[in-house]
Student: 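Below is a structure I'd like to ask you about.
These values consider heavy atoms only, across backbone and side chains, with no hydrogens, waters or symmetry-generated copies.
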Amino acid sequence: MLFYPREAVPRMNIVFLFSDEHTSTAMGNSGHPIVRTPHLDRLASQSYTFDNAYCNSPLCTPSRLSMLTGRYPHQIEAWDLGVIANQHHQTWGHYLAVAGYETVLCGRTHFNGHDRLMGFSHRLLDDLPFWYNTSGHPPRRTIDERRGSNSHVAECGPGEHAHTGYDQRVTELALDFLHQKATTSDNQPFLMYCGFMHPHFPLIAPAEFFSWYDPEKLKLPPSWNQALQNQHPIIQHLRWAWRNDVPPSEATVRRATAAYYALVSSLDTQIGRLLAAIDASPLRKNTVVIYTSDHGEMAGHHGIWQKQCFYQPSVKVPLMLRLPSNNCQSEVGKITQNVSLVDILPTLLDIGGLEKPSDLPGHSLLEIARHQPNQTNRAVFSEYHHMGMLSAGFMLRRGHTKLCHYVGHQPQLFDLTNDPAEDDNLATKPEMADTLDNMEKALRDICDPQQIDERAKLNQAARRAAPL
């Protein structure tokens, strides 16, 4: 299907900065008292910031493919880490090419398979080879399947790691590209996607940044050593499967927390280099900058490390959108409306002067920011079909209410205004029956959970049976 430009509009460049596993609260501008992110803080002060932004799957590959196609994971069969994208579904690269954009990838994408472009014109740097799957084989989702160790927490502290060097290389190549665009007469607009590894585990952080955080002085989440037996059965099994069932020692948790904060600060430094290059060049007058992450990091909340669940630290992500400036006041503001990563593609189409296909579930963030800044009743959706959940899990947030629906199990229901830590499951309370029923109906307006679960399992079984 072809999508044609709207009326002629000046084409703005787009620089999309994308981290891995950055939870929304781990920044100075979101109110964190410890984490140092001066460059992201400055970007936020010049941007629309979306305070209730969510990923559409708390897992790398499904989240990224969903965002790049503007469709929910179940709509594109992006079930798990091993999935190879269906070529039928167009990505940003396909869409923006229609508007005459040069579309460039630089760094971490977590594409699987041999197609390393997915509709983009070219790459400056590919993924690290051990971070993508060429076979497309899915994970096992059986009762006995379990991660080999808890190295995602225990392997932590100051040190050198390939991820740090990789992120530095992403920045250097992106800087070269920006310099070329700023110093030539090439008038073709560009979209550059920059994908970073940080702050994804292993939690090995550059010593310079680790020294900023004293593990002994850090405040840990109250639920870092939460007892397994007091939790929802789905969370119990998830913790067991990902080796989070036995909390690490307090000393390890403190060290891991310091390392995570240090990785966020390391990421912030690389982003600062790119922002400085844009701001010191003519690109500042015609370049949109967007920053977000593919999902969050639990970092010990509810006894969980990594993501793979629907608690706020896992599914809520930072999201900033900065418009060009001509030495005048930029459009800025804090937006409380619920949004998600499927809104990125409609935003890019809006910037590029393209009509949005009617079957995309998202909406332009510019439209939301300019016309609906104080509305919070919009529903946002996330889903999970990977190891640790034997049947599908779905999340719906509408207003301040969050539903976590688990196929074959009792749900969770939270009031995020009165219970931001999500400690009080309201799903079994009689006075919440109507609210629960309304949230379940709203979820079914998006998908049939049972049917989607069956589709995911059939797809994964077929891929598992396919020859390597």
Student: Is any side-chain N of the basic residue among K457 and D453 closer than 4.0 Å to the acidic one's carboxylate O?
Tutor: yes
Student: I want to know whether H74 and F381 have ring centres closer than 6.0 Å.
Tutor: yes
Student: Does the gap between the ring centers of Y261 and W212 come in under 6.0 Å?
Tutor: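 No, the ring centres sit 6.0 Å or more apart.
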Student: Looking at K334 and D51, is there a salt bridge between them, counting it only when a charged N and a carboxylate O are closer than 4.0 Å?
Tutor: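 Yes, D51 and K334 are salt-bridged.
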Student: Please determine if E422 and K402 form a salt bridge, counting it only when a charged side-chain N lies under 4.0 Å from a carboxylate O.
Tutor: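 K402 and E422: salt-bridged.
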Student: Please state whether the rings of Y384 and H386 are parallel, tilted or perpendicular, taking 30° and 60° as the class boundaries.
Tutor: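 Taking H386 first and then Y384, their aromatic rings stand perpendicular (interplane angle over 60°).
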Student: For the residue pair G82 and D80, what are the closest heavy atoms and their distance?
Tutor: N-OD1, 3.0 Å
Student: Salt-bridged, R378 to D343, with N to O below 4.0 Å?
Tutor: yes
Student: Would you call D268 and R36 a salt bridge, taking side-chain N to carboxylate O under 4.0 Å as the test?
Tutor: no
Student: Can you classify the ring geometry of Y311 versus H302 as parallel (below 30°), tilted (30 to 60°) or perpendicular (above 60°)?
Tutor: parallel
Student: Is the distance from the ring center of F190 to that of F177 below 6.0 Å?
Tutor: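 Between F177 and F190, which both carry aromatic rings, the centre distance is below 6.0 Å.
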Student: Are K356 and D350 close enough for a salt bridge, meaning some N to O gap below 4.0 Å?
Tutor: no
Student: Flag yes if more than 12 heavy atoms outside E145 fall under 6.0 Å of its CD atom; otherwise flag no.
Tutor: yes
Student: Of V15, I351, N13, which is the lone residue that meets side chain to side chain contact (heavy atoms under 4.5 Å, CB included) with V288?
Tutor: I351
Student: To check you understand the geometry: which heavy-atom pair defines the closest contact between C447 and F394, and what is its length?
Tutor: SG-CE2, 3.9 Å
Student: Between K307 and E297, is there a salt bridge with N-O shorter than 4.0 Å?
Tutor: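 No.
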